[in-house]
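Shown next, in structure tokens, is the structure this report addresses.
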Amino acid sequence: MSSKEKLVITAAITGSRIMREKAPYIPYTPEEIVQSSMECWRAGASIAHIHVRDPKTGFGTQEIELFQRVVTPLREKTDLVLCLTTSGIPGRNLPYEQRLAPLDLRPELASFDAGSINLGDGVFNNPPDFLDAAARTMKEKGVKPEIEVFDSGMLVTALRMRDDGKLSDPLHLQFVLGTPWGASATPKTLLYLYELMPIDATWSVTGIGKGHLAMSMMGLIMGGHIRVGMEDTIYYDQGILAQSNAQFVERIARISHEYGREIASPRETREILKLRRL
Ligand code: ZN
């Protein structure tokens, strides 16, 4: 992979865990999520990583109608690659069918959390039978798994599933580093994970909280791709709340431009990640 391959920027718009009391600008309603995704698209993001929230309570939900209210306008108004979550609400462990429901909307990508991990006071449950069901359903529906890796064992799990024929090459990995319970957001951790990856895999990285920008820079220079957004950090800089997701995308586009790495359009992103044609 050339280090000057075009850069795929993913915008992780809202997640399902951070509430407005802490993050006053975080999108909640489908309309707000659409609006924010469009701003990110205009700023250079080619993938929108989508969770939805109950507009009244703000809690994450896997309600298919809410996903529909985000997916339909984004498909009409943009050429964004959509990555829908199958996490549900990490730590609250919704039934499998609810977690996999967004796959009915046939997104080009969907998150695939490749193992269980502690989260807050609980466990984010991704046992083998869930992973098998998720991999099978994604294959049936032509959805490419975006394999989320919070810790090295999750990459080992994904590689095992690939060897067993449950996941197909080329894998696309999303490293999510710096959660308080998983692998740390350091260059050394990322280099270790990088060395475990199959040669033809594509990968993207995000740092949670204060590792956010540092991990972006690692992704930039190592030839990977970058995920940014309020799902992963609500601060633009130390102690300064981000007022929009687009701010994060704009910053990466600016730095990448200076560095000499062009930003991939959604069409180019489909080629880089070998996505099916819509
Ligand atoms: Zn997510």
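Counting convention: from 1, in listed order, for ligands and their atoms alike.
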Output field for angle at the Zn ion (ligand 1), His51.NE2 vs His49.NE2, rounded to 10°, should show 100°
Do the charged groups of Glu32 and Arg53 touch, with an N to O distance under 4.0 Å?
no
Looking only at N, O or S atoms in Glu231, which is nearest to the Zn ion (ligand 1)?
OE2
Between the side chains of Asp54 and Tyr28, is a donor N or O closer than 3.5 angstrom to an acceptor N or O?
no
Answer yes or no as to whether an N/O/S atom of Glu148 is found below 2.8 Å from the Zn ion (ligand 1).
no
Is it the case that the ring center of Tyr235 lies less than 6.0 angstrom away from the ring center of His212?
no
Under the side chain to side chain contact (heavy atoms under 4.5 Å, CB included) test against Leu7, which residue among His257, Glu268, Arg261, Glu262 passes?
Arg261
